[in-house]
Amino acid sequence: MADLQIDIQSELPKALLWLGTMRGQMPFAISQALNKTGFDVRTALSAGTTKHFDDPVPFTRRAFVVEKGNKADPTVLVGVMPNRPYFLPQIRGGRRFPKGFEGYLRGLSGGRVSGKLVPTGLAVDGRGNPKKSLFGRISKGLSTTKPGGFFIGKPKGGGRPPGVYRRSRGKLQPYFIETKSEPRYQPRFPMEKIGQSTMNRVVGGYLRSSLERALASAR
């Protein structure tokens, strides 16, 4: 019977070189893979807003930011921009954050309105947001007697709540109504689920391709 001697000594230097190169290139490859994954997560979150919100505006769709990692610290953070505080209750549920228009209207009221303000159908656009042009009209049209003018406060009689009303054809039409109850949201936007499923889908492929490029460039 013929004998076959197996000896890896001749290949050992190459294997050790490969392992050393791999060890040296691994932090860079991991950083590259995680950064690409982070931007994919941001894209997925942006697309997810159109599924979980009603016709979201560009300000909402572009709410996400990526903080890239590096070789020393490959951690990548994907989050919501600080100037979108309304997102947090949509993700976790809880108390609604104050709206900018509430402070503006309370300031115009001179203390006659102090609680949360909820817009009525007369005050919102097709997306359910207060019409931007409306606030200038309210500011210029404040009057308790002029037809077509606005009134901020509690109307006399009828038990109507304080708010912002417009005089029209002898009646007060409500545009914003004060509510003493604390508006609360149920979780609506599954940010963590979207991010985790995207990461699971893409990070392995990015890591393999990053390692291949890193090793090729190190030869």
Quick check: does any side chain N or O of [X] sit under 3.5 Å from a backbone N or O of [Y], one acting as donor and the other as acceptor?
| X | Y | result |
| --- | --- | --- |
| E102 | L117 | yes |
| N70 | P74 | no |
| Q90 | P187 | no |
| E178 | K116 | no |

Taking all atoms of both residues into account, what is the closest heavy-atom pair of [X] and [Y], and its distance?
| X | Y | value |
| --- | --- | --- |
| T60 | T49 | O-CG2, 4.1 Å |
| V65 | M81 | CB-CG, 4.2 Å |
| R106 | V113 | CG-O, 3.5 Å |
| L211 | M26 | CD2-SD, 3.9 Å |
| P56 | R61 | O-NH1, 2.7 Å |
| G38 | V66 | O-CG2, 3.6 Å |

Would you mind reporting whether [Y] and [X] have side-chain heavy atoms less than 4.5 Å apart?
| X | Y | answer |
| --- | --- | --- |
| P130 | Y175 | no |
| P190 | H52 | yes |
| V76 | F39 | no |

Output the distance between atom [atom1] ([X]) and atom [atom2] ([Y]), rounded to the nearest 0.5 Å.
| X | Y | atom1 | atom2 | value |
| --- | --- | --- | --- | --- |
| S168 | K171 | OG | NZ | 9.0 Å |
| Y104 | S139 | OH | OG | 3.5 Å |
| L108 | I152 | CG | CD1 | 5.0 Å |
| K51 | I194 | NZ | CD1 | 7.5 Å |
| R160 | L172 | CZ | CG | 5.0 Å |
| E192 | S197 | CD | OG | 10.5 Å |

If two hydrophobic side chains count as joined below 4.5 Å and joins carry through other members, does [X] share a cluster with [Y]?
| X | Y | value |
| --- | --- | --- |
| L207 | V202 | no |
| F59 | V78 | yes |
| Y86 | V124 | no |

Exercise for the section: Check the angle between the aromatic planes of F53 and F87 and answer parallel, tilted or perpendicular using the 30° and 60° thresholds. Expected result: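 The arrangement is perpendicular - the two ring planes meet at more than 60°.
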
Practice task
Test side chain to side chain contact (heavy atoms under 4.5 Å, CB included) on F101 and N129 and set out the steps.
Solution key: CA-CA 11 Å; F101 70 80; N129 299 314; over 6 Å; no

Would you give me the side-chain donor-acceptor pairs under 3.5 Å for residues 30-37, sequence neighbours excluded?
unit_1: N35; atom_1: OD1; unit_2: G69; atom_2: N; d: 2.9
unit_1: N35; atom_1: ND2; unit_2: S31; atom_2: O; d: 3.2
unit_1: N35; atom_1: ND2; unit_2: G69; atom_2: O; d: 3.4
unit_1: T37; atom_1: OG1; unit_2: A33; atom_2: O; d: 2.8

Problem - Aromatic contact, Y165 with F176 (centres under 6.0 Å) - result: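 Not under 6.0 Å, so no.
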
Exercise for the section: Kindly confirm or rule out a cation-pi arrangement of R166 over F151, judged by NZ or CZ under 6.0 Å from the six-membered ring centre and within 45° of its axis? Expected result: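 Geometry flag: not set, cation outside 6.0 Å or 45°.
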
Practice task
Return the set of residues passing side-chain contact (heavy atoms from CB on, under 4.5 Å) with Q196 (not counting sequence neighbours), or none when no residue passes.
Solution key: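 Scan of Q196 (side-chain contact (heavy atoms from CB on, under 4.5 Å), adjacent residues dropped) gives M199, N200.
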
Practice task
Could you walk me through whether F189 and L45 pass side chain to side chain contact (heavy atoms under 4.5 Å, CB included), step by step?
Solution key: CA-CA 9 Å; F189 187 67; L45 291 173; 4.1 Å; yes

Exercise for the section: Check the surroundings of atom CD in Q173: do more than 12 heavy atoms from other residues, nucleotides or ligands lie under 6.0 Å from it? Expected result: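 Counting neighbours around CD of Q173, more than 12 heavy atoms of other residues, nucleotides or ligands fall under 6.0 Å, so yes.
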
Problem - Exceeds 12 heavy-atom contacts within 6.0 angstrom, atom CZ of R112 - result: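 Yes, enclosed.
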
Handout entry: Carboxylate-amine/guanidinium proximity below 4.0 Å for R188 and D54
Key =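 The answer is yes: the pair qualifies as a salt bridge.
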
